[in-house]
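These notes are about the structure you will find just below.
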Amino acid sequence: MMKLTVWGGAGEHGRSAYLLSGNRVLLLLDCGVMKEGTGVYPIIQPEQVPQLNAVFLSHAHEDHSVAIPLLYRLGYQGEVWTTRETAAQLTAYFASWREYTERVGEKLPYREEDQRAIRYRFLEEEAKRLTWFDALPGVKVMWGRSGHLMGSVWLLVEAEGKRIFYSGDYTSESLLLEDDNPSLADTSSAMLLDLAIVDAAYGTDAHSQADRLMQLEQTIQSTLQSGGKVLLPVPAVGRGQEMILWASRNWGHIPIVTEAPLIEGMKRLLCRSEWLRSTDSDQGMKSELELLLSQNNWIVPGSDAERKSWLDKQGASLWFVTDGMMQSDLAQWYYHRFSRDSRNLVLLTGHVSNGTFGQRLLQHPEDYGDCSVMKIRYKVHQGLADVRQMITAIPAQHTVLVHADKAETDRLRVRLVEELTDPQIHIHSISVGEEVHF
């Protein structure tokens with residue numbers, strides 16, 4: 001018998017951390033934070049940290065990664081298994097989290113030397129994707145691209161006679177990034193997996209990416225036709241590059257103002273083409289990105305003075321700024337200038353945590369300015385149809401729905417259980433601190 005203990009990430013959106021414990025192994029899948037208040041960390045059990053055999057990291061986003069230095073502070077001596085691209089991104093995420101904690105007046109629970117102590121092992125240098133390999137004695141691992149972020153992966157783990165699937169953050173609908181269908185993995189398909197931890201961030205939302213893109217396009221077009229500007233706060237890596245590509249396809253004829261880190265992320269994609277989606281067209285994704293970066297309608301301001309100048313000059317236009325929750329000084333600088341014109345729109349497209357500036361704008365936009373504030377999701381996670389497809393393709397005796405608040409995973413579980421025909425399959429909607437034995 002093995003056990004899953006949720007240190008974070010189930011029944012909530014953030015601080016993903018899933019402990020797998022058996023008789024001989026103790027493994028941790030991700031160790032992130034939640035950007036609420038002064039910062040929320042996983043409910044790590046300190047006495048177990050020195051006993052961990054390995055930590056596996058699905059991707060670099062802060063809600064999966066930024067508490068890893070805390071493990072070393074608490075005595076972890078092992079390695080972090082991830083991709084080389086994920087490890088390369090972490091420095092920026094650690095720095096961003098440090099800035100956030102300083103801004104809210106909180107001290108980090110770890111030191112810089114704990115961050116420097118992290119020892120990485122790279123999945124792609126150990127084995128090709130969709131291939132089993134021995135990560136440590138008694139533990140086999142397989143990985144595949146998850147389509148969520150450059151460097152992001154899902155994981156299959158085999159230990160003590162059990163097989164566990166962890167989706168990480170997963171999407172099969174990325175415009176830019178390729179995903180490896182987990183059903184293609186050699187999982188001895190005649191047998192059920194023992195446990196699956198599945199990204200269900202969008203709960204019962206059954207909309208496809210195409211549905212969301214149509215809604216986004218109509219909303220943006222309406223603002224542009226009125227002569228307004230659209231502010232799009234996005235993460236520096238991931239959804240930001242996706243949306244820049246999509247916007248350029250739809251509105252390449254109008255000015256698009258983009259902060260430098262987003263362009264740098266696009267350039268980095270060109271150097272990591274193994275993560276890009278393959279296309280059927282003569283113009284591959286890499287060629288399209290190269291053409292996109294060479295176009296002369298891009299505006300990349302280098303200072304506040306340049307930003308102000310361009311704001312004064314431009315009419316209908318798109319403005320991409322880093323920080324999807326609008327916590328940064330720069331995102332708020334943009335907002336206060338956009339808010340002076342009722343024709344303008346601030347369009348939030350991802351998760352916005354409680355207590356953040358973005359959340360306050362959504363709840364009480366009239367308290368801050370005259371422009372409109374809306375949220376329309378751009379899909380980078382799974383909803384009802386996606387989760388249904390995943391648990392059908394790779395069924396497990398126990399499936400744990402994660403990355404959404406408890407009420408939403410409860411509703412999703414009810415929908416999925418109604419469709420079940422196999423009495424061996426159990427679907428769980430649980431919360432932090434709870435366990436599943438398998």
Side-chain angles (χ1 to χ4, degrees), residues 1-11 15-32 42-58 64-65 67-68 70-72 74-82 119-121 123 126-127 131-144 153-168 182 185-199 391 394-403 424-438:
M1 184 69 71
M2 291 188 73
K3 178 176 68 175
L4 164 70
T5 304
V6 177
W7 283 0
R15 63 167 177 173
S16 297
Y18 307 101
L19 183 71
L20 301 173
S21 52
N23 293 323
R24 299 180 300 279
V25 297
L26 196 64
L27 309 172
L28 185 64
L29 306 174
D30 288 349
C31 195
I43 56 164
I44 296 170
Q45 297 165 319
E47 71 280 3
Q48 292 191 295
V49 172
Q51 309 304 318
L52 286 170
N53 299 107
V55 175
F56 295 90
L57 175 59
S58 65
H64 292 257
S65 67
I68 286 176
L70 181 55
L71 299 175
Y72 285 85
L74 294 172
Y76 180 55
Q77 300 292 319
E79 297 166 324
V80 175
W81 284 90
T82 191
R119 294 186 295 119
Y120 296 106
R121 291 286 297 276
L123 294 164
E126 196 68 31
T131 304
W132 288 104
F133 70 94
D134 294 312
L136 58 152
V139 178
K140 291 181 178 294
V141 174
M142 180 191 294
W143 66 278
V153 298
W154 54 257
L155 296 160
L156 268 167
V157 178
E158 184 179 279
E160 299 192 12
K162 304 288 186 179
R163 282 190 174 179
I164 302 103
F165 172 73
Y166 177 44
S167 71
D186 172 20
T187 58
S188 301
S189 56
M191 301 169 53
L192 290 173
L193 296 176
D194 297 283
L195 175 71
I197 304 169
V198 172
D199 173 12
I391 66 176
I394 45 169
Q397 289 187 351
H398 297 274
T399 293
V400 180
L401 305 172
V402 301
H403 222 318
Q424 296 183 79
I425 294 177
H426 305 277
I427 298 176
H428 304 266
S429 171
I430 60 177
S431 298
V432 176
E434 295 191 68
E435 300 175 346
V436 174
H437 295 259
F438 61 97

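Along the sequence shown, the residues carry numbers beginning at 1. This is a predicted model, so every value here is computed, not measured. Values reported hereafter were calculated over all heavy atoms of this structure, with side chains retained and with hydrogens, waters and symmetry mates removed.
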With sequence neighbours excluded, residues passing side-chain contact (heavy atoms from CB on, under 4.5 Å) with [X]:
| X | answer |
| --- | --- |
| Glu126 | Trp81, Arg121, Phe133 |
| Thr5 | Lys3, Trp7, Leu19, Glu435 |
| Ala159 | Val25, Val139 |
| Ser58 | Asp30, His64, Tyr166 |

Any donor-acceptor pair under 3.5 Å linking the side chain of [X] with the backbone of [Y]?
| X | Y | value |
| --- | --- | --- |
| Asp194 | Ile164 | no |
| Glu160 | Asn23 | yes |
| Trp143 | Ala127 | yes |
| Tyr18 | Cys31 | no |
| Ser167 | Asp199 | yes |

(request) Taking the side chain as every heavy atom from C-beta outward, state whether Val400 and His428 have any atom pair closer than 4.5 Å. (result) yes
(request) Compare all side-chain heavy atoms of Ile43 with those of Arg15 and state whether any distance is below 4.5 angstrom. (result) yes
(request) For residues Phe438 and His398, report the shortest heavy-atom separation together with the two atoms involved. (result) CB-CD2, 3.7 Å
(request) Indicate the atoms forming the closest heavy-atom contact of Val153 with Leu57, along with that distance. (result) CG2-O, 4.3 Å
(request) Applying side chain to side chain donor-acceptor pair (under 3.5 Å), name anything that partners Gln48, two or more places apart in sequence or on another chain. (result) none
(request) For Ser429, enumerate each residue passing the side chain to side chain donor-acceptor pair (under 3.5 Å) test, keeping only those at least two apart in sequence or located in another chain. (result) Thr409, Asp410
(message) Among Leu29, Leu27, Leu71, exactly one meets side-chain contact (heavy atoms from CB on, under 4.5 Å) together with Val55. Which residue is that?
(response) Leu71
(message) Using 30° and 60° as the class boundaries, would you call the ring planes of Tyr76 and Tyr72 parallel, tilted or perpendicular?
(response) perpendicular
